[in-house]
Amino acid sequence: MTRDQIQAKSLERIKKMNLFMIIGYAAIIIAAVLGITLFAVNRYNKVIKNKVGSMTSSLNSQLIINLDSYLKRMETVGTLAYAVDNAYSYNAADPSNDEYEAINTEKQISDDLMSICLMENFVDYGLVYSNNHTVGKVSNGTTALFGDNLYTDLSAMITRSRSRDGWYTGYNNDYERIYYVKQFNDNTLFVISFYTAELDRVFENPDNLDSMTVRLTDSSYKTIYSSDKAELGSIIPTEILNEIQGLDSAVVSDSDNLSTVGVSSGGWYVISSIPTKIILKEAVDTRSFMYGAGIIAALIAIAAGTLFIRRAADPVSTITAGLSDEISEDGFEGVLSNRYFRDKNDNVIKNAGNDMYALIMTDVDDFMNIVNGLGREAADAQLLRLVTIIREVFPNYETLGRLSEDSFAILIKAETSDPEVFHTEVVNRCVDLCDTYAQKERKPTMGLINITTSVGAAIYPEGGLTYQELYDKAANSLRSSKKTGKGKFTIL
């Protein structure tokens, strides 16, 4: 049985399995759509989280930049105090100061400081001397908060040794003010403070993230500022603290919140968090839509597949036949490759019975000389010419195959029961093939090039009882033709 017959038998079995194919197809479609939908839903949830995480991370970074810029501007405004006449040189703690001159000097310094203070909404903008005396705007709230430790405890807020200044809040658990302290000279401190509520302008949320809570905390995670005013001065919520504690820059997510943390240049944490249920609210609606769309798509695919399977006579064989043709052909349409030629002929000879067959082999003589003399394109044209002549000389052949680059073979069936008549017919056609193909081509550098084909043949059953025996006998005949001068025919 040939490969084609095996294939045909297999396809017949497939035709009888329409119902099974429909059920299998439906199961595959449902599984595929369900799998893809579940994957898409989970992927969509992750994408939404990542997108919001990226957005909050970018926003958090921008908020840190805004905070650092705001504090830097406050520091810059503070340096203007150095430009005030007598501010740097005057020492209110000096006991040798003349009382009248001291009053006038302090009034002049205070007025100049107040004019600068009006540039921003400061709570405090003034000088504190080592004897706790103040000049400029130092609020009663600050004086009451620090008491007799005003100079000493403000000095303790200087954390940057290089610039001799620092930012601080939370003194005596008071988080309503943020203080900036700078060592003005050896006996004087310069202090600025503003209410933490002023940070609303720094930590303003975009409208599309109005559900996000922004917090500014100190190193112990106590809230300096929060968009939820009730949290001021308290430790941030435990569920958020557990996720971000010890991290300087990260985006973390759990079942309750998606949180982003970053550190400002002053060592304070900016923490933005948004509830997970808010993030996935849109995803829940989208998920329902995707499930519905998946079910509809599955039903449409099943209906279309069922209709296709029922109405198509043999879809699998149509595809397979096309593939079979492409694989079996060797360079020329309808010319079988060596393997397919051998398989088909082997089956034909096995079932020949009393029929007679002839296997004819033909080979272009000195093919490489043609390639070298006329070029590959011209040589290929000669092969096509040989195939064309074979079809003209043997119009009713059983099979036509290509054995090698320049050799072909034909199997023909006798139309007569007389061996001598068939033998004569084979000889005449083979001679006709040699004569028709022979021609001469002139090449300036090589002169005339003879283009001929040698032919060898063997007849079943006298030349062999199997295809292989017939093949060997025809091959020997072809070799004899070439040895005796080429462009000739031999039959053994």
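Residue numbers count from 1 along this sequence. All heavy atoms count here, side chains included; hydrogens, waters and symmetry mates do not.
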Self-check item: Sequence neighbours excluded, every pair satisfying salt bridge (Lys or Arg N to Asp or Glu O under 4.0 Å) that has a member inside residues 224-235
Solution: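 Pairs touching residues 224-235 that pass the test: Asp200-Lys229, Arg215-Glu231.
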Quiz prompt | Summary of salt bridge (Lys or Arg N to Asp or Glu O under 4.0 Å) pairs that have at least one residue in residues 117-144, sequence neighbours excluded | solution =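 Residue pairs with at least one partner in residues 117-144: Arg73-Glu120.
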Any side-chain heavy atom of [X] within less than 4.5 Å of one from [Y]?
X      : Y      : answer
Asp153 : Tyr179 : no
Leu154 : Tyr171 : no
Phe146 : Thr152 : no
Phe194 : Tyr125 : no

Practice problem: Please report the closest heavy-atom contact between Ser272 and Leu63, naming both atoms and the distance. | Solution: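 Reported closest heavy-atom pair: OG-CD1, 4.1 Å.
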Exercise. Over all heavy atoms of both residues, which pair between Glu106 and Ala92 is shortest? Give the atoms and the distance, please.
Key: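 What the structure gives for the nearest pair is OE2-CB, 3.8 Å.
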Quiz item: Between Asp111 and Lys107, does at least one N-O distance fall below 4.0 Å, as a salt bridge requires?
Solution: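 Answer for the salt bridge query: yes.
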Quiz item: If you measure from OG on Ser234 to CG on Asn173, what distance do you get to the nearest 0.5 Å?
Solution: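 Going from the OG atom of Ser234 to the CG atom of Asn173 covers 9.5 Å.
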Quiz item: Could you give the distance from CZ (Arg177) to CD1 (Ile192), rounded to the nearest 0.5 Å?
Solution: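 If we round to the nearest 0.5 Å, Arg177:CZ and Ile192:CD1 are 15.0 Å apart.
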Quiz item: Cut-off 3.5 Å, side chains only: do Asn257 and Ser273 have a donor facing an acceptor?
Solution: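 Looking only at side-chain atoms, Ser273 and Asn257 do not form any donor-acceptor pair under 3.5 Å.
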Show every donor-acceptor pair shorter than 3.5 Å between a side-chain atom in residues 236-249 and any protein atom, with sequence neighbours excluded, or say none if there are none.
| unit_1 | atom_1 | unit_2 | atom_2 | d |
| --- | --- | --- | --- | --- |
| Asn242 | ND2 | Thr238 | O | 3.3 |

Quiz prompt | side-chain hydrogen bond (donor to acceptor under 3.5 Å, both in side chains) between Tyr175 and Asp218, worked out | solution = CA-CA 10 Å; Tyr175 285 88; Asp218 59 17; 3.1 Å; yes
